[in-house]
Undergrad: 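Pasting a structure below so you can have a look.
Chain letters run A, B, ... following the sequence lines, proteins first, then strands; residues in each count from 1.
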Amino acid sequence: MQSSSRRPALVAVFAVLGFLVAIAFNSTTRAAEIRPAGRSSDLVAVVREMEVERAELQERLSELRTEISLREQEAAEESGVDRSFTQEFDRVRLAAGLVALAGPGIEVTLADSKDVPQGADPNDYLIHDTDISAVVNALMVGGAEAVSVNGERVVATTPIRCAGTTILVNATRLGNPYVISAIGEADALEAALEGDPHAILLFDTYRTQFGLEVSVIRRPEVVVPEFRGSMRPAHAVAVGGGM
Amino acid sequence: MLALALALALGVTLGLLTNVSVPLASVTYLGVAVLAAIDACLGGIRASLERTFDDKVFVSGFLTNTLMAAFIVFIGDRIGVRELYLAAVVAFGMRVFDNLGAVRRLIFHRWGWE
């Protein structure tokens with residue numbers, strides 16, 4: 001066997017073989033990392049698990065937020081911190097949507113049609129993300145002070161979008177029917193809905209033609225919960241060092 | 001023999017350290033390339049033992065075999081017969097065992113165990 005070691009070409013090919021085997025090893029481990037759950041049923045389970053985890057974290061977040069505001073109040077009382085400072089803080093929190101609010105307003109309920117005729121396009125008989133965002137926008141036009149969709153507070157960074165067969169608001173999956181609660185002056189809110197072209201389609205054409213269930217109810221007290229998501233910006237920096 | 005083992009270890013270390021990997025779609029090419037390399041290694045050892053080893057024949061054989069195998073995989077992908085790569089795998093596999101057997105017999109012969 002001495003002779004084989006004196007063949008540089010043979011030695012080189014052995015090194016190549018080792019290198020290729022290592023690459024193959026890297027590739028298969030990477031593939032396993034990328035797709036730990038290769039089947040869609042596994043992925044569904046992963047999503048459900050993460051949704052449960054997120055719900056727990058959201059609960060914890062709102063607990064912590066309550067605790068923070070309590071501590072701030074205590075600190076303000078004890079050390080006599082400038083009252084206007086804590087008041088300003090509360091106002092900012094209110095404006096950001098981190099506080100649950102109640103007040104007079106309206107509730108708009110949108111629900112999918114109960115029966116879809118044979119051969120019809122089922123999309124016509126469902127509530128879409130665009131319907132919800134049109135109604136939310138119209139309510140904002142009408143001066144709504146706080147809006148939520150199925151308990152998901154609409155804040156400055158809230159997306160309303162379609163994901164497969166469900167609608168996501170604040171990355172939370174919502175199910176039919178969709179209840180949009182808005183605090184504000186009921187007359188103005190209703191007038192804004194009547195002035196919005198998409199909302200008009202929804203309330204007249206779509207309701208009568210496709211059987212979508214659409215209703216507007218005035219309420220003396222509407223409760224809009226606080227925003228439960230994260231508010232920490234990853235890219236944005238305050239201009240002028242305000243933070 | 002020691003030099004070959006060291007070269008193999010060096011190749012593995014280098015590959016693991018650089019952490020190079022190929023996309024999932026090209027894994028078949030890599031598998032066929034590994035087989036071609038194993039085949040070349042065993043063929044080289046056999047030729048050495050038979051004292052017929054020639055650098056030019058060895059390197060050109062390794063390269064053309066690998067390229068042809070890659071070409072077969074590529075053609076298989078193009079014409080929608082993914083399994084065509086099996087032709088290369090079977091050919092290389094048979095050669096690997098063929099060479100292994102020859103190497104085994106040559107070693108027996110050299111050490112006088114026959």
Undergrad: Under 4.5 Å from any heavy atom of chain B, what part of A/V13 do you find: side chain, backbone, both or neither?
TA: both
Undergrad: Specify the closest pair of heavy atoms between B/G11 and A/A22, including all atoms of both residues, with the distance to one decimal.
TA: O-CB, 4.4 Å
Undergrad: I'd like to check the salt bridge (charged side-chain N to carboxylate O under 4.0 Å, His left out) partners of A/R232; sequence neighbours left out, ordered by chain and number.
TA: none
Undergrad: Pick one of side chain, backbone, both or neither for B/L30, based on which atoms fall under 4.5 Å of a heavy atom in chain A.
TA: side chain
Undergrad: For the interface with chain B, which of A/A12, A/A9, A/A24 has the highest count of heavy-atom pairs at distances below 4.5 Å?
TA: A/A9
Undergrad: Under a 4.5 Å cutoff for heavy-atom pairs, which residue among B/A7, B/A37, B/G31 has the most contacts with chain A?
TA: B/A7
Undergrad: Give a yes or no on this: more than 12 heavy atoms of other residues, nucleotides or ligands lie within 6.0 Å of atom CD of A/E49.
TA: no
Undergrad: Out of B/V20, B/L17, B/T18, B/V34, which one racks up the most heavy-atom pairs below 4.5 Å with chain A?
TA: B/V20
Undergrad: Rounded to the nearest 0.5 Å, what's the gap from CZ on A/F19 to CG on B/L16? Could you check?
TA: 9.5 Å
Undergrad: Can you give me the closest heavy-atom contact between B/A33 and A/L20, atom names plus distance?
TA: O-CD1, 3.7 Å
Undergrad: Is there a donor-acceptor contact under 3.5 Å from the side chain of A/N26 to the main chain of B/S21?
TA: no
Undergrad: What's the spacing between B/F62 CZ and A/L10 CG if we round to 0.5 Å?
TA: 11.0 Å
Undergrad: B/D55 side chain to A/R7 main-chain N or O, any donor-acceptor pair under 3.5 Å?
TA: no
